[in-house]
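Start at 1 and go down the list; that is how both ligands and their atoms are numbered.
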Amino acid sequence: MLLQLQTWQEVEAYLKTAKGVIVPIGSTEQHGPNGLIGTDAICAELVAKGVGDAAGALVGPTINVGNAQHHLAFCGTIALRPSTLMAVIADYVQSLARNGFERFFFINGHGGNIATVGAAFQEIHAARSFAPGGNAAGLRLRLKNWWETPGVQKLSKELFGNREGSHATPSEVSVTQFAFPDAIKKAAMGDAAGSQRAFGDAEDYRRLYPDGRIGSDPSLASPEHGRRFLETAVTDIAEEYRKFATQA
Ligand code: NI
């Protein structure tokens, strides 16, 4: 159930029996020679919609621009500073919490968001803990990276081995190919397997990774693989969401 497709009365009725909401968060950034700029947001949104359907949960609008300064030397990338992203997350959460949502389950499509989302969660909790009077209803915030579930990791190892890499991976490119078969791109690319070095700013990143990938071979991507990744991620995460939304 998408929040965007409900009326306010329907959301009010939902809150009588549930307190949880799923928040997809991604990024808008280069994804190598054949990956779509929207890959991280597309993957997070698809997994979130699947989990929402499986668990009967509301899914909020996707936060589709993230912490991606290191990709800015490539055309099409849009980045928020960490401080901006934290402010966006705080306002998003507090808007919904104001009217009764208490469990926020973020489904993330971008590794670069992890530290910032964690810091944003701590800011939100701190604001509540320091508030005069205190003792507001408990708020729980969780971040789930879709590519890290046991089932997804197993499938990636089985299909791609050490050619998965860590950016513009064949797994995430497969998911976008399943979702948007008309946007599948063909591109020649050399062997990038094994190259994984720490980077700093956008210029440094482009010097180290000239075609945008980090250690991956996204030419192995296929829509059929994408279907399997999506199904596996939804199954694994729906179970975790149910527990998160209902445990005391
Ligand atoms: Ni990505």
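Going from atom CG of Asn145 over to atom SG of Cys43 covers 12.5 Å, rounded to the nearest 0.5 Å.
The N, O or S atom of Asp40 with the smallest distance to the Ni ion (ligand 1) is OD1. Considering just the N/O/S atoms of Glu172, the one nearest the Ni ion (ligand 1) carries the name OE1.
For the side chain to side chain contact (heavy atoms under 4.5 Å, CB included) with Leu3, the qualifying choice from Val59, Val21, Val11, Ile22 is Val11, the only one to do so.
Ring centroid separation for the pair His225 and Phe178 does not come in under the 6.0 Å cut-off.
Glu29 lies apart from the Ni ion (ligand 1) in this respect, since none of its N, O or S atoms is found at a distance under 2.8 Å. Under 2.8 Å from the Ni ion (ligand 1) lies an N/O/S atom of His31, whether from backbone or side chain.
Screening residues 79-106 for ring pair (Phe, Tyr, Trp, His ring centres under 6.0 Å), with sequence neighbours left out, gives Phe105-Tyr241, Phe105-Phe244, Phe106-Phe121.
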